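Read through the structure below, which is laid out as structure tokens, and then see the notes.
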Amino acid sequence: MSSHGRRPIIIDTDPGQDDAVAILFALGASDRLDLRAITTVAGNVPLSLTAKNARIVLGWANRTDIPVYAGCPRPLVREPVTAEHVHGETGLAGVPLEEPKVELANGHAVDFLIKALVNAWPTTITLCLLGPMTNLAAALVQEPKIRRGIKEVVLMGGGYHVKGNVTPTAEFNVYADPEAAAVVFGSGIPIVVLPLDVTHQALSTKERVSRLEDLGNRAGGLIAAILRSQGLIESKQMATDGGPLHDPTVIAYLLQPSLFSGRMVNVTVETRGEFTLGETVVDWRGVTNRAANALWLNQVDSNSFYELLTDTVKRLP
Ligand code: BDR
Ligand code: CA
């Protein structure tokens, strides 16, 4: 910890509707989380839009003091995969968008990460990964010394009990850059995973979304509009009241880890499978001799999660 007991974090993200909610969630908890910067990556929509959307979201919370660095415009090896069918052409379907009030910070996100993490020591920074893991993978390859500045990586990605959302076996963030995910899971850095197993328990039901809207502030209204729009496809696929909420579970874990449970496991990433590219291969039962490399969460107290989200968002404009 530093900054008067606040936990230093960097959010690496591809906003993206649920990414936007996660950023607002973190900003609402600024008494506990010290958001040092946002780094953006190509994912849900191309990099030019994710870099723009991150700044729009900061503007919603009057926090344009936080720098946004644009990172990798494409995955390490493969062609880009995007998700406009979920997040809309802008990446933030469901809400009106204005031009960002601030420019991007100078320099590439990967260079920023390297500098910030190497120089952080003896402080360590928590990295929150909400999109394809390209930026961190590139930083690890370019400067392995960044490990010393990382407290842990807390990421949304993968699935085991709930397998895939973009293919039958792969979750979007891992599928969009499987080689990058393989670098991150192979890095030896402490990793906490919020997979589909957890996010599919956190449904944005009508009642939960109404509670956010009833806060009466701008952030609550925007989040309610985003969640109503985002839930559509997935709630239809699964015939549920509301869609799963993904990226904000990362922030909830930082604020209240006791809401979640799981186990230490070995996770590897399928980078060659004909039908299973991007699958997270989780040794849940311990049937291999591979050492555990991640805390894999598989349960969340979903009512308390939405209460925490709502109580935190209440503090924003
Ligand atoms: C993940 O994929 C993206 O579309 C969401 O923003 C989230 O990070 C869920 O699979
Ligand atoms: Ca995301």
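This one's a predicted model, so the numbers in the text were calculated from it and none came from an experiment. Order of appearance sets the numbers: ligands from 1, and atoms from 1 within every ligand.
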* Work out which heavy atom in R6 is nearest to a heavy atom in D31; give both atom names and the distance. => CG-O, 3.2 Å
* Structure fact -> Tightest non-hydrogen contact, residues L130 and N173, listed as O-ND2, 3.4 Å
Residue [X] excluded, over 12 heavy atoms near [atom1] under 6.0 Å:
{"X": "K163", "atom1": "NZ", "answer": "yes"}
{"X": "N106", "atom1": "CG", "answer": "no"}
{"X": "E98", "atom1": "CD", "answer": "yes"}

Decide yes or no for [X] and [Y]: does some side-chain heavy atom of the first lie under 4.5 Å from some side-chain heavy atom of the second?
{"X": "L255", "Y": "F25", "answer": "yes"}
{"X": "P248", "Y": "D18", "answer": "yes"}
{"X": "H161", "Y": "Q299", "answer": "no"}

* Asked: With a cut-off of 3.0 Å, which protein N/O/S atoms are close to the Ca ion (ligand 2), if we only count those under it?
  -> D14 OD1, D19 OD1, D19 OD2, L130 O, D247 OD2
* Can you list, by chain and residue number, every protein residue with a non-hydrogen atom closer than 4.0 Å to ligand 1? -> D18, D19, N44, H87, L130, M156, N165, E171, F172, N173, H246, D247
* What residue among N44, T50, T40 forms side chain to side chain donor-acceptor pair (under 3.5 Å) with D14? -> N44
